[in-house]
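Heads up: the structure comes next, in structure tokens.
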Amino acid sequence: MNNPPKNLQYVDIPDVLETFADSFRNLSFDGQSARLEFCVTRMDQPKPPEPPQAKMYPVCRLVLTPAAFLNLFNQLQNIMNLLQQKGVIQKIEKDIQNPPVQ
């Protein structure tokens with residue numbers, strides 16, 4: 001992996017579009033890149049008395065180098081730890097030795 005120069009300067013581009021996603025569908029890693037697929041759910045027009053119907057559409061397919069993927073993972077983990085410390089979320093410990101009986 002190439003390491004960026006230590007004096008790398010970030011230059012913001014305010015015109016970059018933002019993409020909204022309300023779900024995450026797929027993640028794969030082939031050794032060279034991580035591929036992430038983000039989706040949005042859209043409700044169909046209601047047709048009573050039938051139950052509501054919805055469809056999931058991809059809105060972004062993001063491909064990252066291993067270094068960028070690791071950086072994303074570390075930043076997400078830092079946010080999750082902060083949310084846990086603030087009591088916003090709770091960590092659920094899984095017992096992999098004794099899984100629940102179904």
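Separation of atoms CG (L83) and NZ (K91) is listed at 13.5 Å; rounding is to 0.5 Å. M56 contributes atom CE, which lies 9.0 Å from atom CD of E37 (distance to the nearest 0.5 angstrom).
When side chains are defined from C-beta on, R35 does not count as touching N26, because their heavy atoms never get closer than 4.5 Å. The shortest side-chain heavy-atom distance between R42 and Y57 falls under the 4.5 Å cut-off. Annotation: side chain of F69 is not in contact with side chain of N71 (no heavy-atom distance under 4.5 Å).
The hydrophobic clustering, which links ILVMFWY residues whose side-chain heavy atoms are closer than 4.5 Å, places L72 and I79 apart. Cluster membership for V59 and F20, using ILVMFWY side-chain heavy atoms within less than 4.5 angstrom, is shared. Cluster membership check: L76 shares its hydrophobic cluster with L62, using side-chain heavy-atom separations under 4.5 Å among Ile, Leu, Val, Met, Phe, Trp and Tyr.
Relative to the six-membered ring of F38, R25 misses at least one condition, a distance below 6.0 Å or an angle of at most 45° to the axis.
The shortest non-hydrogen separation linking Q32 to D30 is N-OD1, 2.8 Å. Residues P58 and C39 share a closest heavy-atom pair of CA-SG, 3.9 Å. The nearest pair of heavy atoms linking G31 to P66 is O-CG, 4.2 Å. Nearest heavy atom pair, residue L64 against residue L36, reads CD1-CD1, 3.8 Å.
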Apply side chain to side chain donor-acceptor pair (under 3.5 Å) to residues N81 and Q77 and explain how you reach the verdict. CA-CA 6 Å; N81 290 338; Q77 192 160 30; 5.3 Å; no
K55 and D44: CA distance, side-chain angles, deciding distance, side chain to side chain contact (heavy atoms under 4.5 Å, CB included) verdict: CA-CA 7 Å; K55 292 185 176 89; D44 292 341; 3.2 Å; yes
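Heavy-atom contacts from other residues, nucleotides or ligands closer than 6.0 Å to CZ of F29 number more than 12.
Counting only distance, with no hydrogens or angles, the side chain of D22 and the backbone of T41 share a donor-acceptor pair below 3.5 Å.
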